[in-house]
Amino acid sequence: MKKLTTLLVGLLCLNIGFSQEDERPEHTGDNFSLEGALALFKKSNSLEEFEKLINEENNNVNNLDLNDDGEIDYILVEDIKEGDAHAIVLSTFIDEKEKQDIATIGIEKTGNESATLQIEGDVELYAENTFVEPNEVIEKLNGGKGGPNTIDLILKPIVVNVWFWPSVRFIYAPTYVVWRSPWKWGFYPKWWRPWRPYNYVTFYGRCAPHRINYHRVPTRRVVVAHKIYTPRRNHSTVVVHNNRRTTVVRSNNRNTTVITKNRRGNVKAVKVKKTPARIRTSGGRR
């Protein structure tokens, strides 16, 4: 299995295909690995432990600096519970007053010993309808006549039962007390030391192992958890402003007309008298 993992990681890294123009991600949220968050959630024994793991540099999940202060943001974890549905909200403070949600892990119990989950990226940071869920990897060894054995890697597109994940059993235990992170802007745990963000190409490579057992899907599978979360969603006007995408629409020797469009679709045209030497057209913070 170790050889299989190494092979898959290598394939994922080879398929990056970045150029120098791709040093910034298309979406700001790509600097937070949704696949990595699920990988750490699966191994956690509590939501407190989960919060600690996603805020550790070596776990290669968080590369966000939404307030542009040159340091990684601390990610808070909060559970919103209603009946057998949980919405585990991952968020960060932008300043003393504003908070921005990053992603939500929706979990629903589907039987006495069965549950399903998805993580959804917030619409201000990710493309609309960005969902990630567990998948299964099957290793099949084929032996050809007179030739070497080959390995077929099969990804099974099935709904994975997550009931036996320690974190899931934890939140459905009769003694469970709904978790809400005690930390806030300017007050963080003593063990946490923020680091400078990695460039996107480096970060994408570092979190490649997380993408082996988790994949993106086009549809929402966890509906009830989303409904209980929606009216409590946090979003920051600062993040919306920083998430503008820029495109050059006309340029000549005297001026350049530039159009900026944010995630909400608001458009603003600006004339620049002197044509800049270089204007990025990729997404992300400017």
| field | Worked check of side chain to side chain contact (heavy atoms under 4.5 Å, CB included) between V123 and R233 | value | CA-CA 11 Å; V123 293; R233 175 177 172 264; 3.6 Å; yes

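- The backbone N or O of I54 sits nowhere less than 3.5 Å from a side-chain atom of K52 that would complete a donor-acceptor pair.
- Here R196 does not pair with D65 in a salt bridge; the nearest charged N to carboxylate O distance is not below 4.0 Å.
- With rounding to the nearest 0.5 angstrom, the CG atom of D73 is 6.0 Å from the CD1 atom of I75.
- Taking both residues in full, the closest heavy atoms of V168 and A115 are given as CG1-CB, 4.3 Å, listed atom of the first, atom of the second, then distance.
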| query | So E35 and R216, salt bridge (charged side-chain N to carboxylate O under 4.0 Å, His left out) or not? Walk me through it. | reply | CA-CA 9 Å; E35 296 85 354; R216 301 199 175 195; 3.2 Å; yes

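- Atom CD1 of I102 sits about 9.5 Å away from atom CD1 of I119, to the nearest 0.5 Å.
- For CZ of R180, the number of neighbouring non-hydrogen atoms (other residues, nucleotides, ligands) closer than 6.0 Å is 12 at most.
- Taking the ring centroids of Y188 and W192, they lie under the 6.0 Å cut-off.
- Residue K99 holds its NZ atom at 4.0 Å from OG of S91, rounded to the nearest 0.5 Å.
- Residues I107 and V222 share a closest heavy-atom pair of N-CG1, 3.9 Å.
- Note on F32 and F131: separate hydrophobic clusters, where clusters join Ile, Leu, Val, Met, Phe, Trp and Tyr whose side-chain heavy atoms are under 4.5 Å apart, directly or indirectly.
- For H210 (side chain) and L34 (main-chain N/O), no donor-acceptor pair under 3.5 Å exists by modelled atom type.
- Qualifying salt bridge (charged side-chain N to carboxylate O under 4.0 Å, His left out) partners for E98, counting only residues two or more places apart in sequence or in other chains: none.
- Summarising the geometry, atom NZ belonging to K184 is positioned 12.0 Å from atom CG belonging to L76; distances are rounded to the nearest 0.5 Å.
- Under the 6.0 Å distance and 45° angle rule, R169 does not count as a cation-pi partner of Y176.
- Of all non-hydrogen atoms in P134 and V162, the two that sit nearest each other are CG-CG1, 4.2 Å.
- Q100 and N234 share no side-chain donor-acceptor pair at under 3.5 Å.
- With sequence neighbours excluded, the residues forming a ring-ring contact (aromatic ring centres under 6.0 Å, His included) with W163 are Y172, listed by chain and number.
- Between the OG1 atom in T130 and the CG atom in D30 there is a gap of 8.0 Å [rounded to 0.5 Å].
- Considering CZ of R220 and CD of E120, their distance stands at 4.0 Å, rounded to 0.5 Å.
- Here the shortest heavy-atom pairing between I228 and K81 reads CD1-C, 4.3 Å.
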Using residues 38-51 as the side-chain source, report each donor-acceptor pair under 3.5 Å to any protein atom, sequence neighbours left out, with the distance given to one decimal.
residue	atom	partner	partner atom	Å
S44	OG	L40	O	2.6
N45	ND2	E49	OE1	3.4
S46	OG	E49	N	3.1
E49	OE1	N45	N	2.9
E51	OE1	V77	N	3.0
E51	OE1	S181	OG	3.1
E51	OE2	Y74	OH	2.7
E51	OE2	S181	OG	2.9

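- Taken together through direct or relayed side-chain contacts under 4.5 Å among Ile, Leu, Val, Met, Phe, Trp and Tyr, V217 and V132 form parts of separate hydrophobic clusters.
- Residues I94 and W185 are not in side-chain contact: their nearest non-hydrogen atoms beyond the backbone lie 4.5 Å or more apart.
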| said: Please determine whether side chain to side chain contact (heavy atoms under 4.5 Å, CB included) holds for the pair N67 and D95, giving the CA-CA distance in whole Å, both sets of side-chain angles, and the decisive distance to 0.1 Å. | reply: CA-CA 8 Å; N67 59 1; D95 53 34; over 6 Å; no

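- When hydrophobic clusters are built by joining Ile, Leu, Val, Met, Phe, Trp and Tyr residues whose side-chain heavy atoms come closer than 4.5 Å, directly or via intermediates, L117 is grouped together with V178.
- Residues E133 and V160 fail the side-chain proximity criterion, which asks for heavy atoms closer than 4.5 Å.
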| task | In sequence, state the C-alpha distance, the side-chain angles, and the governing distance for N63 and Y200, and then conclude on side chain to side chain donor-acceptor pair (under 3.5 Å). | result | CA-CA 8 Å; N63 195 47; Y200 179 60; over 6 Å; no

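- Inter-residue side-chain proximity for L90 and T104 is flagged as unmet; no heavy-atom pair is nearer than 4.5 Å.
- Crowding of E56 atom CD: a count of heavy atoms from other residues, nucleotides or ligands under 6.0 Å exceeding 12.
- In the hydrophobic clustering of this structure, F164 groups with F170; members are Ile, Leu, Val, Met, Phe, Trp, Tyr whose side-chain heavy atoms approach within less than 4.5 Å, directly or through other members.
- The hydrophobic cluster containing I105 also contains L125, counting ILVMFWY residues as joined when their side-chain heavy atoms lie under 4.5 angstrom apart, directly or transitively.
- Of all non-hydrogen atoms in P197 and G70, the two that sit nearest each other are CD-O, 3.5 Å.
- Counting only distance, with no hydrogens or angles, the side chain of N199 and the backbone of V201 share a donor-acceptor pair below 3.5 Å.
- Side-chain contact, D79 with H86: a donor N or O sits under 3.5 Å from an acceptor N or O.
- N60 places a side-chain N or O within donor-acceptor distance of the main-chain N or O of N58, the cut-off being under 3.5 Å.
- Cation-pi geometry between R206 and Y198 is met: the NZ or CZ atom falls under 6.0 Å from the ring centre, inside 45° of the normal.
- By the 4.5 Å heavy-atom criterion applied to side chains, L64 and I72 are not counted as neighbours.
- Closest of all the heavy-atom pairs between E108 and V223 is OE2-N, 3.0 Å.
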